[in-house]
Q: 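Sharing a structure with you now.
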Amino acid sequence: METKLRQDVTRIARHEARLMVAPLMKRIRSYKKELASLKATARATRSAPPKKPSAATAPPSRINQPAQVSGEEAQAWYSTQNLIELRAKFDLSAAGMADLVGVRPWSIYRWESGEKPSLASMIKVASLRKVSRKRALRMLEELRSAEE
């Protein structure tokens, strides 16, 4: 009788364990299917030839873009006074200068008040120093027409 009781308890415990584990196993199967689908998508994406950019998504031409300067050169050139003079040279509003640099107008105001920009922004500003006013206005016009 004791053996029969142990067998019944074991059978009931296994049955309850299966009932508790079944939903978890179902979730695991669904996660495995989802993972396999994502892996297949990733493989297909990697093996697909790169798409050529269309005219609508192509970046503005690099013809009117200024030459980039090094970080050290930009740090050596940059000062609040140089930024103010550069903006005056181009006769641009803070918004116009911000569009050329790729930042928000408020950043230009802060930089002119003495706050230092990030190195990336400093490089963009310094690369504009050898650009003529006419070329800067052309670049700004090109940037704004590309946004529309």
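FYI, the numbering just counts along the sequence from 1. When reading the values below, keep in mind they use all heavy atoms of this one structure, side chains included, and skip hydrogens, waters and symmetry mates.
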Q: Of the non-hydrogen atoms in Met122 and Tyr78, which two are nearest, and what is the gap between them?
A: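 Smallest interatomic distance, heavy atoms only, reads CG-CB, 3.5 Å.
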Q: Measure the CG-NZ distance between Leu83 and Lys116 for me, rounded to the nearest 0.5 Å.
A: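 Leu83 CG to Lys116 NZ: 12.0 Å, rounded to 0.5 Å.
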Q: Using 0.5 Å steps for rounding, measure from the CG atom of Leu137 to the NZ atom of Lys134.
A: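 The NZ atom of Lys134 is 10.0 Å from CG of Leu137, to the nearest 0.5 Å.
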Q: Shortest non-hydrogen contact from Asn82 to Trp77?
A: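 Looking at all heavy atoms of both residues, the closest pair is ND2-O, 2.5 Å.
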Q: Could you check whether any side-chain N or O of Ser37 sits under 3.5 Å from a backbone N or O of Lys33, counting only pairs where one atom can act as donor and the other as acceptor?
A: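 Such a contact is absent between Ser37 side chain and Lys33 backbone.
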Q: Salt bridge (Lys or Arg N to Asp or Glu O under 4.0 Å): which pairs involve residues 67-78, sequence neighbours left out?
A: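 Qualifying pairs: Glu73-Arg129.
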Q: Output a table of donor-acceptor pairs, distance under 3.5 Å, between side-chain atoms of residues 5-26 and any protein atom two or more places apart or on a different chain; print 'none' if there are none.
A:
residue: Arg6; atom: NH2; partner: Glu2; partner atom: OE2; Å: 3.0
residue: Thr10; atom: OG1; partner: Arg6; partner atom: O; Å: 2.8

Q: State, with a plain yes or no, whether a side-chain heavy atom of Thr80 is found less than 4.5 Å away from one of Glu115.
A: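 Counting from C-beta outward, Thr80 and Glu115 never come under 4.5 Å.
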Q: Test your reading of the model: is there a side-chain donor-acceptor pair from Ser121 to the backbone of Pro117, 3.5 Å cut-off?
A: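 The answer is no, because no donor-acceptor pair under 3.5 Å joins these two groups.
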Q: Measure the shortest side-chain to side-chain distance between Trp111 and Val125 over non-hydrogen atoms and say whether it is less than 4.5 angstrom.
A: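 Yes, close enough: below the 4.5 Å cut-off.
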Q: Measuring from Ile28:CD1 to Ser30:OG, what's the distance to the nearest 0.5 Å?
A: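 Those atoms lie 9.0 Å apart.
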Q: Could you state the interatomic distance from CG (Leu128) to CZ (Arg135), rounded to the nearest 0.5 Å?
A: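 Atom-to-atom, Leu128:CG and Arg135:CZ are 9.0 Å apart.
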Q: Rounded to the nearest 0.5 Å, how far apart are OG of Ser70 and CD1 of Ile123?
A: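 Those atoms lie 7.0 Å apart.
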Q: May I have all residue pairs that pass salt bridge (Lys or Arg N to Asp or Glu O under 4.0 Å) and include part of residues 77-90, sequence neighbours excluded?
A: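 Matches after skipping sequence neighbours: Arg87-Glu112.
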Q: With sequence neighbours left out, what residues match Ser132 under side chain to side chain donor-acceptor pair (under 3.5 Å)?
A: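 Here no residue qualifies.
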Q: Taking salt bridge (Lys or Arg N to Asp or Glu O under 4.0 Å) as the definition, give me every residue that meets it alongside Lys39, ordered by chain and number, with sequence neighbours left out.
A: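 Result, salt bridge (Lys or Arg N to Asp or Glu O under 4.0 Å) vs Lys39: none returned.
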Q: I need the minimum non-hydrogen distance between Val69 and Ala74, along with the two atoms involved.
A: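 Scanning both residues, the minimum pair turns out to be CG2-CB, 4.0 Å.
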Q: Identify all side-chain donor-acceptor contacts of residues 94-106 below 3.5 Å with residues at least two apart in sequence or on another chain.
A:
residue: Asp99; atom: OD2; partner: Arg144; partner atom: NE; Å: 2.9
residue: Asp99; atom: OD2; partner: Arg144; partner atom: NH2; Å: 3.0

